[in-house]
Amino acid sequence: MFFSQAGARPRMWEASPSEHKKWVEVFKACDEENKGCLSRENFKVAVVMLFGYKPSKIEADAVMSSVDPNTSGILLKEFLDIVRKKKEAQLYRNEIRHIFTAFDRHYRGYLTLEDFKKAFKQVAPKLSERIVLEVFRHVSVFPGGTVIKNLPANAGDTDSSPGLGRSHMPRSN
C-alpha cells in the first residue's frame, strides 16, 4: 500500500490566523485595481510573494481554467483555497523528504535495498522481508518526487533513474 492509497497524506491543513491574514494581505496587495479578484499576472506575483517562485505557464493555465468564467479573475475565497492546497502539498513534500533523509544514512541521495530493509526494520519490524522486497521493487522515487510503480525493464538505463536496486530522492541544500 502506498501513501496515497493508505490515506497517509495529511487531511486538511489549517493556516494559523497570522498566516491567513498574510495571505489576505498578499491578495489585496496584488489586486492592483481593487476589483476583488486577481488576474493571471497578479496571481503569479502573489505566488512569488508567498512561495518564492514564479508559477509555470501550465500551473497558471490550470488555475485560470478552474476560475468561474463569469468573474474576471480569481476571487479571494478561491485564492485562499489554492494557497492552502499549495501549502499542504509543500508540507507533505517536506515531510517525505525529511523521512527519506532520515533513512539515507550515508547521504548518497538514494536508498539501496539494504538501506530500505534497515528502514523498514526500524519502523515496521513485524513486516515480512517478502513484503519489503515487493515494495522496493514496485516503488522508486525519482528526482522531483515522482513515484514510479512497476519499474520498466530499462529503468537503470537513463540519467534520471537511480538505477535498479536504488530509490532516489534529491537532497535539498
Side-chain angles (χ1 to χ4, degrees), residues 1-27 43-56 58-60 62-63 66 79-152 155-173:
M1 203 177 295
F2 305 103
F3 283 116
S4 60
Q5 293 170 331
R9 194 165 198 168
R11 287 187 193 126
M12 193 164 186
W13 175 81
E14 290 295 324
S16 67
S18 64
E19 194 153 27
H20 186 269
K21 181 180 175 188
K22 178 182 175 184
W23 297 351
V24 172
E25 288 171 357
V26 166
F27 179 89
F43 169 73
K44 289 180 180 181
V45 172
V47 170
V48 170
M49 290 173 70
L50 291 172
F51 295 97
Y53 79 93
K54 181 181 175 187
S56 68
I58 294 170
E59 183 178 355
V63 168
S66 68
F79 175 76
L80 294 175
D81 190 47
I82 291 166
V83 171
R84 180 189 50 77
K85 288 176 183 175
K86 289 181 77 52
K87 186 68 173 182
E88 280 177 1
Q90 184 181 54
L91 292 172
Y92 181 70
R93 283 189 307 271
N94 288 344
E95 183 179 1
I96 296 298
R97 185 175 303 282
H98 180 76
I99 291 167
F100 181 91
T101 301
F103 293 129
D104 183 14
R105 294 180 178 190
H106 304 289
Y107 302 102
R108 295 177 293 213
Y110 62 87
L111 297 178
T112 64
L113 178 57
E114 283 307 308
D115 296 332
F116 207 72
K117 285 179 183 178
K118 286 178 186 174
F120 269 86
K121 190 164 254 155
Q122 286 180 334
V123 297
K126 294 182 181 182
L127 203 59
S128 75
E129 186 171 342
R130 183 184 65 75
I131 301 268
V132 173
L133 286 170
E134 188 177 319
V135 170
F136 189 80
R137 283 189 190 120
H138 292 286
V139 177
S140 187
V141 181
F142 284 61
T146 305
V147 176
I148 306 294
K149 299 176 189 170
N150 301 322
L151 291 173
D157 297 342
T158 67
D159 289 336
S160 66
S161 169
L164 295 176
R166 296 179 179 171
S167 286
H168 179 91
M169 173 73 75
R171 300 190 66 77
S172 60
N173 297 331

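Owing to the predicted nature of the structure, the values given are computational and were not obtained by experimental measurement.
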What's the separation between atom [atom1] in [X] and atom [atom2] in [Y], rounded to the nearest 0.5 Å?
X   : Y    : atom1 : atom2 : value
I82 : W23  : CD1   : CH2   : 11.5 Å
I96 : L91  : CD1   : CG    : 12.0 Å
I99 : F103 : CD1   : CZ    : 7.5 Å
E14 : E19  : CD    : CD    : 11.0 Å

Practice prompt. Provide the closest heavy-atom pair for V48 versus K54 in the form atom of the first, atom of the second, distance.
Written response: CG2-CA, 3.6 Å

Response to the item:
Closest non-hydrogen contact found for K44 with A60 is CE-CB, 3.9 Å

Worksheet item: Do I131 and F120 come close enough that some side-chain heavy atom pair is under 4.5 Å?
Response: no

Discussion item. With heavy-atom distances below 4.5 Å as the criterion, would you say the side chains of K86 and V47 are in contact?
Written reply: yes

Discussion item. More than 12 heavy atoms of other residues, nucleotides or ligands under 6.0 Å from CD of E129: yes or no?
Written reply: no

Discussion item. Please verify the inter-ring angle class for F79 with F43; under 30° counts as parallel, over 60° as perpendicular, anything in between as tilted.
Written reply: perpendicular

Worksheet item: Are the charged groups of R84 and D81 less than 4.0 angstrom apart, N to O?
Response: yes

Discussion item. What verdict does the salt bridge (Lys or Arg N to Asp or Glu O under 4.0 Å) test give for E25 and K22, after you've listed the backbone C-alpha separation in whole Å, the side-chain angles of each residue and the deciding distance to 0.1 Å?
Written reply: CA-CA 5 Å; E25 288 171 357; K22 178 182 175 184; over 6 Å; no

